[in-house]
Amino acid sequence: MKKIVTIQDISCFGKCSLTVALPVISAMGIETAVIPTAVLSTHTGGFKGYTFRDLTGDIPDITNHWKSIGLKFNAIYTRYLGSREQVQIVSKFFEDFATDDNFIVVDPAMADRGELYAGFTKDFVEEMRKLCCKADYIVPNMTEASFLLGIPYTDDYDEDYIKDILIKLSELGCKYPVITSVHYDSLKQGAVAYDSEKNQFCFSFRNHIDRTMHGTGDIFASVFTGAVTLGNSLQEALDIAVNFTADCIEATVPYAEESWYGCCFELCLGELAEYSKKWIPQK
Ligand code: PXL
């Protein structure tokens with residue numbers, strides 16, 4: 001069986017980070033190991049008074065134990081990380097567990113709509129930029145891409161602008177940058193990727209639903225990582241991730257009021273499991 005290790009927080013309520021990555025990647029028939037970086041009572045996007053227990057100090061012990069028992073992974077996938085120190089420890093994890101046969105996906109989940117999330121600073125961005133240099137794939141949105149490149153954020157862009165940003169992201173050192181939540185007009189939304197080895201761009205779009213939903217980045221990055229792990233090309237992985245994320249957003253619309261804090265991806269897991277079967281290596 002293919003194995004992914006994902007390193008991110010567990011927000012006990014609110015449907016993001018590990019409570020999305022675990023079920024989504026597992027539904028794709030991939031074993032999912034986790035390193036929880038922190039435990040929060042809820043995510044930070046709209047809930048007040050959440051608790052936060054930092055688990056940074058546990059990560060080196062987990063890593064050392066895993067090294068001693070010789071664990072290996074097909075992919076390493078990180079998302080929301082809570083501090084510069086945590087990013088440095090994750091960077092060390094890459095040194096210990098990255099091989100010529102596996103790949104690294106970094107989702108620099110730290111900002112949206114032109115602003116850093118609560119608690120993130122410019123210093124954190126610097127550290128995250130270094131982590132992105134070590135990744136094979138990064139999946140920022142336009143706000144995160146702008147922070148990574150140190151350029152002003154704009155919502156008013158065209159295809160050439162996105163291509164230029166992707167090339168600049170690859171120049172940071174990441175072979176396959178992907179920009180998520182791209183929309184050139186109000187009709188379509190999707191993702192655009194750059195294969196810097198082949199100097200090729202690829203993209204995937206679906207009808208735009210004008211709703212902001214928490215956790216869609218978690219869904220996209222998890223499915224994308226799973227799809228690449230199962231042997232799909234960059235274009236295929238993009239199509240799979242864009243379509244599954246859009247399906248989840250559409251499925252959430254009837255529940256949007258009661259489920260304001262997260263996306264109802266659970267309604268689409270059966271579909272994901274069903275069509276993932278064809279890529280799962282058979283024994
Ligand atoms: O969805 C990303 C995410 C993950 N973890 C925590 C968050 C967020 C986004 O706000 O608050 C704790």
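Each ligand, and each atom within it, is numbered from 1 in the order the structure gives.
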Check your understanding: Looking at Phe205, is Lys188 sitting on its ring face, NZ or CZ under 6.0 Å from the six-membered ring centre and within 45 degrees of the normal?
Key -> no

Exercise for review: With heavy atoms under 4.0 Å as the rule, classify the contact between Leu40 and ligand 1 as side chain, backbone, both or neither.
Suggested key: side chain

Study note, to complete from the structure: Heavy-atom proximity to atom 3 (C) of ligand 1, picking from Phe52, Tyr80, Phe47, points to Tyr80

Revision key, fill the gap. Between Cys132 and the options Pro108, Pro140, Cys174, Pro177, the side chain to side chain contact (heavy atoms under 4.5 Å, CB included) test singles out Pro108

Exercise for review: Mark the output for His214 as yes if a heavy-atom distance to ligand 1 is under 4.0 Å, and as no if none is.
Suggested key: yes

Point to revise | ligand 1 N/O within reach of His43 N/O, cut-off under 3.5 Å | key: no

Point to revise | Those atoms of ligand 1 less than 4.0 Å from some heavy atom in Asp9 | key: 4 (C), 5 (N), 6 (C), 12 (C)

Point to revise | Any side-chain donor near an acceptor of the partner, Glu236 and Ser233, under 3.5 Å | key: yes

Review point. Any idea which protein heavy atom is nearest atom 1 (O) of ligand 1, and the distance to it?
Key: Asp218 OD2, 2.7 Å

Study note, to complete from the structure: Atoms of ligand 1 under 4.0 Å from any heavy atom of Ser11, numbered from 1 in the order shown, are 5 (N), 6 (C), 12 (C)

Check your understanding: Checking side chain to side chain contact (heavy atoms under 4.5 Å, CB included) against Ile76, which of Ile104, Val106, Thr225 comes through?
Key -> Ile104

Check your understanding: Any idea how His214 and His43 line up, ring-wise: parallel (<30°), tilted (30 to 60°), or perpendicular (>60°)?
Key -> parallel

Practice item. Decide whether an N or O pair under 3.5 Å exists between Thr44 and ligand 1. Key: yes

Point to revise | Enclosure of Asp185 CG (heavy-atom neighbours >12, cutoff 6.0 Å) | key: yes

Practice item. Answer with yes or no whether Ser17 contacts ligand 1, where contact means a heavy atom under 4.0 Å from a ligand atom. Key: yes

Review point. Atoms of ligand 1 less than 4.0 Å from Arg79 heavy atoms?
Key: 1 (O), 2 (C)

Review point. Hey, are Tyr80 and Asp107 close enough side-chain-wise for a donor-acceptor pair under 3.5 Å?
Key: no

